[in-house]
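First, the structure itself, so that you have it in front of you.
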Amino acid sequence: MTPSDVKATLSFSDGSPSMDLPIYKGSIGPDVIDIRKLYGQTGKFTYDPGFLSTASCNSSITYIDGDKGELLYRGYPIEQLATQCDFLDTCHLLLYGELPNLEQQASFKKLVTNHTMVNEQMQFFLRGFRRDAHPMAVMTGLVGGLSAFYHDSTDINNPKHREISAIRLIAKMPTLVAMAYKYGIGQPYIYPKNDLSYSANFMRMMFGTPCEEYAPNDVLVRAIDRIFILHADHEQNASTSTVRLCGSSGTNPFAAIAAGVACLWGPAHGGANEAALNMLEDIQRNGGVERIGEFIKQVKDKNSNVKLMGFGHRVYKNYDPRAKLMRETCHEVLSALGLHDDPLFKLAMALEKIALEDEYFVARKLYPNVDFYSGIVQRAIGIPVSLFTAIFALARTVGWIAQLNEMIADPEYKIGRPRQLFVGSKARDVKPIGER
């Protein structure tokens, strides 16, 4: 870390001695005040619910400027990666710090491709779930269960083990997601095919059957690949922080990633695109485009408890850069499939228009976010709403692994141990039961 020439001084009005706090500079973005010695010198903690003003680590992977609407992976703008690279190139970048050259690209693709199959016993594991189980419940179990199959790569402190488990997870996640989908609809599992690209292979495992050969649609493959790239990492969000905290105990990589999957399931996080589609379907059931004005009135009414899902973002105070790219993909997919006149998609476009023009939404910067468009794209492709978050987990796995590996390799890393402001009862004695 680079020390700043400026120091912060913390003073107290009760006469306690003041203390100097070092400040460190990031390569871009806000500086940080180092409070590691605060408790030791003052006996006080900081209080920051949700960690909105706290940097829990230093990282060189992903940078977000919410005010500018900027997202960088290892310094590269997301717009360039999404239009000039594929998902495996992005995986290489996140894992190793640089985009691959031609030789590295071929080698990395072959390495991942050779690990796409999963142990046959995973089929028996799947059979323990109900057919109507939510895919994220299934994925939490399957990903955690990988540690039972790969004892040779569970030492998180061994760099070789971390690399092997990283490749295995990136390679096997599409297979596991497709298996969870096929199991739920009662179709046979489709094995990976090594001559297809990562995203085309996933589409085939999802929608192919043994009855006939599956021919991937290039527009749809490109769309799913872009979804993967746009969701590959997003700095220290809830699920990434969960993976880091879980991994800080020294647990195996598969367990740490399973924890990230579980966290991602929440509707405020990875489940947001599922929530957005459910919202659209609710509006459609209640009258569709003709009744959209009534829905907007309810959204504006603080007492209605009606929420606008898929709009706005906690980090971005400008248009989410991923949303612009996903919007383009959305229209490409709708055109390729002839779905522009589908009632639900017409409803989505009407809602988008209102949100971009209505002063209420513009003033609050409630722009359509990536979840809004990616949900529409996935539904058009034929992916059921319940599987949206599992697709997100598939894409985010590489980011989780990159963040986990970075943390373990950091000489300053320690097991996570947040503090608290205790407001409960003071010490007291247990009374006999007759006196309570």
Side-chain angles (χ1 to χ4, degrees), residues 86-88 91 109 112-146 149-150 167-218 220-229 231-232 254 257-258 261 264-265 270 273-274 333 374-375 377-398:
D86 66 14
F87 180 62
L88 285 186
C91 288
K109 181 181 178 181
V112 171
T113 301
N114 288 344
H115 283 85
T116 50
M117 289 186 68
V118 299
N119 192 295
E120 283 290 285
Q121 286 183 273
M122 292 299 280
Q123 295 188 30
F124 302 111
F125 195 173
L126 261 171
R127 290 177 195 172
F129 292 98
R130 288 172 51 125
R131 293 273 182 184
D132 61 352
H134 194 287
M136 285 300 280
V138 176
M139 288 303 297
T140 303
L142 293 182
V143 175
L146 289 175
F149 292 92
Y150 301 107
I167 298 301
R168 282 175 169 158
L169 279 159
I170 293 166
K172 297 178 193 306
M173 282 296 280
T175 311
L176 293 177
V177 171
M179 286 176 70
Y181 171 62
K182 290 293 194 182
Y183 177 74
I185 62 174
Q187 286 189 4
Y189 309 122
I190 302 298
Y191 288 97
K193 195 172 182 182
N194 289 358
D195 61 350
L196 292 176
S197 71
Y198 186 90
S199 296
N201 194 26
F202 174 65
M203 295 287 284
R204 178 179 174 274
M205 289 190 290
M206 282 284 293
F207 301 115
T209 66
C211 309
E212 56 188 1
E213 190 58 35
Y214 177 80
N217 180 315
D218 289 343
L220 305 190
V221 169
R222 215 165 39 242
I224 205 73
D225 198 74
R226 179 169 285 189
I227 287 174
F228 291 165
I229 292 172
H231 290 85
F254 303 106
I257 300 306
V261 174
L264 191 70
W265 192 356
N273 49 18
E274 184 175 343
V333 168
S374 66
V377 170
Q378 288 179 77
R379 183 183 183 275
I381 289 172
I383 296 168
V385 174
S386 62
L387 206 73
F388 286 2
T389 317
I391 304 287
F392 192 160
L394 187 171
R396 183 56 57 84
T397 293
V398 64

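Note that the coordinates shown come from a computational prediction; the quantities given were computed from them, not determined experimentally.
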- Note on the structure: When rounded to the nearest 0.5 Å, the distance separating CG of Leu264 from CE of Met136 is 5.0 Å
- Item | Full working for side-chain contact (heavy atoms from CB on, under 4.5 Å) between Ser197 and Val221 | CA-CA 9 Å; Ser197 71; Val221 169; 4.2 Å; yes
- Does some side-chain heavy atom of Glu213 sit less than 4.5 Å from a side-chain heavy atom of Arg204? yes
- Message: Let me confirm one number: the CZ-CG distance from Phe254 to Leu142, rounded to the nearest 0.5 Å.
- Response: 13.0 Å
- Rounded to the nearest 0.5 Å, how far does CG of Asn194 lie from OH of Tyr191? 13.5 Å
- Task: On the 0 to 90° scale, with breaks at 30° and 60°, tag the His231-Phe392 ring pair as parallel, tilted or perpendicular.
- Result: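 Judged by the thresholds at 30° and 60°, the geometry between His231 and Phe392 is perpendicular.
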- Message: Is there a side-chain contact (heavy atoms from CB on, under 4.5 Å) between Met203 and Ile381? Walk through the geometry before answering.
- Response: CA-CA 9 Å; Met203 295 287 284; Ile381 289 172; 3.6 Å; yes
- From Tyr198 atom OH to Lys109 atom NZ, the distance as rounded to the nearest 0.5 Å: 13.0 Å
- Task: Please report the shortest heavy-atom distance between Phe149 and Met122, naming the atom on each side.
- Result: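 Distance-wise, the nearest heavy atoms are CE1-SD, 3.1 Å.
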- State, to 0.1 Å, how close Pro135 and Ala390 come at their nearest heavy-atom pair, and which atoms those are.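 Smallest heavy-atom distance, with atoms named: CB-CB, 4.4 Å.
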- Stepwise side-chain contact (heavy atoms from CB on, under 4.5 Å) test for Ile227 and Gln378: CA-CA 9 Å; Ile227 287 174; Gln378 288 179 77; 3.8 Å; yes
- Residues two or more places apart in sequence or in another chain: which of them pass ring-ring contact (aromatic ring centres under 6.0 Å, His included) with Phe207? none
- Item | Residue pair Lys193 / Tyr214, side-chain heavy-atom distance below 4.5 Å | no
Using residues 169-180 as the side-chain source, report each donor-acceptor pair under 3.5 Å to any protein atom, sequence neighbours left out, with the distance given to one decimal.
residue, atom, partner, partner atom, Å
Lys172, NZ, His115, O, 2.8
Lys172, NZ, Met117, O, 2.5
Lys172, NZ, Tyr150, OH, 3.4
Thr175, OG1, Thr116, O, 2.6

- Message: I'd like to check the ring-ring contact (aromatic ring centres under 6.0 Å, His included) partners of Phe202; sequence neighbours left out, ordered by chain and number.
- Response: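 Expected list: Phe228.
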- Note on the structure: Between Ala133 and Phe129 the two heavy atoms that sit nearest each other are CB-CB, 4.4 Å
- Message: I need the Glu274 CD to His134 NE2 distance, nearest 0.5 Å.
- Response: 4.0 Å
- Heavy-atom donor-acceptor pair, Asp225 side chain to Phe87 backbone, under 3.5 Å: yes
- Item | Which atom of Ile190 lies closest to which atom of Gly208, heavy atoms considered | CG1-O, 3.3 Å
- Contact summary for Ala223 and Val377, nearest pair of heavy atoms: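 Taking Ala223 first and Val377 second, the nearest heavy atoms are CB-CG1, 4.1 Å.
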- Message: Does Arg131, at its CZ atom, have more than 12 non-hydrogen atoms belonging to other residues, nucleotides or ligands within less than 6.0 Å?
- Response: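 Enclosed: over 12 neighbouring heavy atoms sit under 6.0 Å from CZ of Arg131.
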- Between the CD1 atom in Ile224 and the CD1 atom in Ile391, the distance rounded to the nearest 0.5 Å is 5.0 Å
